[in-house]
Amino acid sequence: MPSTTLRSGFGIQLLLLGLALACDGAGEVAPTAACPEAGEPSLALVDGVPIPARAVDLPLQLDLHDLEYARYERRREQLELAISERLGADVSPDTAEWARRVEIRLEPPPPPRLEIPDGSAPIRGRADAAVTIVEFVDFESPHCRRLQPELARILEYYPERVRLLTRDLPLPYHRSARNAAHAAHCAAEQSAYWAFYDLILLEQPKLAPAEHYAARLDLDSGRFDACMHSGRHADRISADMALAASLGVRRAGTLFVNGLYLTGRPTYADIERVVRDELARLGLDAAGPREISDVPAHGPRGESSAQSPATGSAARPALPEIPADFFDDPEIVVTLTRAEVDRALRDREHLDRKLEASSGEFSGQRLLKIRKVDGGDFYARLGLEAGDVPIIVNGEFNTVEHPVLWDAFEVGERVTIVVMRRGLPHTYEYRIR
C-alpha cells in the first residue's frame, strides 16, 4: 500500500482493523506488546482497539524501576533514622553493635532483566564468558569516562568469566558523539576499536577531530578516511539507538549485567557485586581462575616491576615514602602495545627534550614538567598535555635528579602516573601488552 494511502483516514482505519484482527488472534500466537494477554487490563481504547498496559509500561520499565528504587532509598533513609532513635546516637550503621542488634527486612526492588542480543557489538574479553556486561556508550559522556577504569578492573579480575559489549547511544546534545561512534567502528576495521575507545574517553571533555586519534593510534589514514566518508556504520549506530529506545535506555553509560539493569550511577562495588551474584546463580566460582586478593598490587599500591635497581627506593633517601592510601583509583586505563612503547623509547633523547625543570620542588628536588606535546607523539598517546607535571610514577617521585618515567615504561607491564594539571592531581594507568 503506498505511503500516501496510509496517511489518509481510510489508511488509518485499515491499520486499526489490522491491529484488531491481530489482537483477536492473539490466543493462537505469542501476544505482542500491542495486544493484551488474557485478563490483562487495557489502559485505553482507540476506536474500540485496546492499548494494553504492557504497550505503555515496556518502554518505561527502566524509568519505573528507577522510581521504585528511589522510593526504596527514601524509605531506607527514614528506616535508619527510626532505628537510630531507638538505639541512640552513638550506634551508627557501620558499627558492630548495629549489626548485632538490627535486622533490616526492607528489600530493594528487583531490577528488570532484559534480552539484549549480541548482534555485531564489539567484545572485550572472552567471547564465551559466562557474564556479559553491556554498556550503552556516548564518547562525550563524562559518566562513560568514569566507568572506563571500573570496567577495566572488572575484566582484569574476571578474565575468564566476564566480557564487555558496547552499544552506541550518542546523545543529541553531544555534538561530536555520533561522529566519534562512527570513528570507533572505522578504527575497528583495523582491529583498534578498544584502543580508540580508551583513547577518546581519555581525551574528554575536549575532543579533537577523529583523524587526530587515528593518527595517534598509527592507523592507515587512507583506509580510515575512506571509512569515515563512506558513512557505512551509520545504520548500525541507528540500530543501537533504536534498541536503546525499545528498552527504555535514555542515559549513556547505562549498564546491564547478563541483562540485569543497574540503576543510577553504579560504582565498581555495585558492578562487582552483581557480577558475583550472577556467577553464583550460574554455579560458577565467583573469582574465576584467581582470587581478587591474589591480584598483585600495582602502581602506587606496590608494584615494583617497573623499578630498575638503578632507580630503586634506596637511591632516593631525600624523598619521603608515599603512603599507599594517598592515591585515588585511576581516572582512565589506557592499553598500549609493547611494540609502540619500545618504538617511542628508542629515542629517549627526543622525549627528554620535551621535558624541563618546573618551578616546583619536593624535598629539595626539582620536579619535571612537560614543555611541549605534538599531535601524534608519545606524550599525546598517553593523554598528557603541555604543562603537565608527572609527579609520581609507580609510587616513586619523578624528579630532575631522579627521573623514573621512561624506566617504568621500559621494563614494566603496568605504569601508573599521578599528574599535576592546573593545580589538580589526575591518575592515569597504562597497561602494556
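If you look at Phe196 and Tyr193, their ring centroids are not closer than 6.0 Å.
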**OP:** Tell me, with the steps shown, if Glu140 and Tyr173 meet side-chain hydrogen bond (donor to acceptor under 3.5 Å, both in side chains).
**Re:** CA-CA 10 Å; Glu140 282 194 271; Tyr173 48 84; over 6 Å; no
Original post:
Checking side chain to side chain contact (heavy atoms under 4.5 Å, CB included) for the pair Glu97/Leu87: CA distance, chi angles, key distance, verdict?
Top reply: CA-CA 9 Å; Glu97 184 176 353; Leu87 296 180; 5.7 Å; no
**OP:** May I have the step-by-step check of side chain to side chain contact (heavy atoms under 4.5 Å, CB included) for Thr254 and His143, ending in yes or no?
**Re:** CA-CA 9 Å; Thr254 296; His143 182 49; over 6 Å; no
**OP:** May I have the step-by-step check of salt bridge (charged side-chain N to carboxylate O under 4.0 Å, His left out) for Arg74 and Glu77, ending in yes or no?
**Re:** CA-CA 5 Å; Arg74 188 67 189 91; Glu77 291 171 3; 3.5 Å; yes
Subject >> Residue pair Tyr158, Arg276: steps toward the side chain to side chain contact (heavy atoms under 4.5 Å, CB included) verdict >> reply: CA-CA 10 Å; Tyr158 302 102; Arg276 280 182 170 268; 3.3 Å; yes
**OP:** Take Thr267 and Asp270 through the side-chain hydrogen bond (donor to acceptor under 3.5 Å, both in side chains) test and state the conclusion after the steps.
**Re:** CA-CA 5 Å; Thr267 64; Asp270 296 329; 3.1 Å; yes
Original post:
Yes or no on side chain to side chain contact (heavy atoms under 4.5 Å, CB included) for Leu405 and Ile417, after CA distance, side-chain angles and deciding distance?
Top reply: CA-CA 9 Å; Leu405 179 60; Ile417 301 178; 3.5 Å; yes
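For the atom pair Leu367 CG and Ile392 CD1, the distance stands at 9.5 Å (nearest 0.5 Å). Annotation: the span from Arg145 atom CZ to Glu331 atom CD amounts to 5.0 Å, rounded to 0.5 Å. One finds the CG atom of Leu151 at 13.0 Å from the CD atom of Glu156 (value rounded to the nearest 0.5 Å). Atom CG of Leu106 and atom CG of Leu79 lie 6.0 Å apart (nearest 0.5 Å). Rounding to the nearest 0.5 Å gives a distance of 9.5 Å between CG of Asp63 and OG1 of Thr263. Between atom CG of residue Leu207 and atom OH of residue Tyr213 there is a gap of 4.5 Å, rounded to the nearest 0.5 Å.
Looking at heavy atoms from C-beta onward, Leu382 lies in side-chain contact with Leu336 at the 4.5 angstrom threshold. Between Arg178 and Met241, the closest side-chain pair of non-hydrogen atoms falls below 4.5 Å. For the pair Lys354 and Asp374, the minimum side-chain heavy-atom distance is below 4.5 Å. The shortest side-chain heavy-atom distance between His233 and Cys227 falls under the 4.5 Å cut-off. In this structure the side chain of Asp329 reaches within 4.5 angstrom of the side chain of Arg153, judged on heavy atoms. Annotation: side chain of Glu396 is not in contact with side chain of Asp407 (no heavy-atom distance under 4.5 Å). Looking only at side-chain heavy atoms (C-beta outward), His185 and Glu189 stay at 4.5 Å or farther from each other. Looking only at side-chain heavy atoms (C-beta outward), Ile237 and Asp240 stay at 4.5 Å or farther from each other.
The main-chain N or O of Val91 is never found under 3.5 Å from a side-chain atom of Thr95 such that the two would form a donor-acceptor pair. Checking side-chain atoms of Asn398 against main-chain N and O of Pro403 turns up no donor-acceptor pair under 3.5 Å. No side-chain donor-acceptor contact under 3.5 Å links Asp388 to the backbone of Val419. Judged by distance alone, the side chain of Gln61 and the main-chain N or O of Gly248 form no donor-acceptor pair under 3.5 Å.
Ion pair Arg124/Glu135 not flagged as a salt bridge, since none of the NZ, NE, NH1 or NH2 atoms sits closer than 4.0 Å to an Asp/Glu carboxylate oxygen. Between Arg251 and Asp66 there is a salt bridge, since a side-chain N of the basic residue sits under 4.0 Å from a carboxylate O of the acidic one. In this structure, Glu278 pairs ionically with Arg113, as a charged nitrogen and a carboxylate oxygen lie closer than 4.0 Å.
Nearest heavy atoms, Arg167 versus Gly119: NH2-N, 3.8 Å. The shortest non-hydrogen separation linking Ile370 to Val373 is CG2-CG2, 3.6 Å. In terms of heavy-atom proximity, Arg250 sits nearest to Leu60 at NH2-CD2, 3.5 Å. Scanning both residues, Tyr428 and Gly383, for their nearest heavy atoms gives CE1-O, 3.8 Å. Here the closest heavy-atom approach between residue Phe397 and residue Val404 is recorded as O-CG2, 4.0 Å. Shortest non-hydrogen contact noted between Ala121 and Leu165 is CB-CD2, 4.0 Å.
At most 12 non-hydrogen atoms from other residues, nucleotides or ligands lie less than 6.0 angstrom from CZ of Arg75. The 12-atom threshold is exceeded at CZ of Arg433, counting heavy atoms of other residues, nucleotides or ligands nearer than 6.0 Å. When the shell of 6.0 Å around CZ of Arg175 is examined, it contains 12 or fewer heavy atoms from other residues, nucleotides or ligands. The number of heavy atoms from other shown groups lying within 6.0 Å of CG (Asp128) is above 12.
In this structure, Trp406 and Phe378 have tilted ring planes: the angle between them lies in the 30° to 60° band. Note: Phe409 and Tyr430 have tilted aromatic rings, judged against thresholds of 30 and 60 degrees for the angle between ring planes. Ring geometry for His65 versus Tyr261: interplanar angle over 60°, hence perpendicular rather than tilted (30 to 60°).
A side-chain donor-acceptor contact under 3.5 Å links Thr132 and Arg163.
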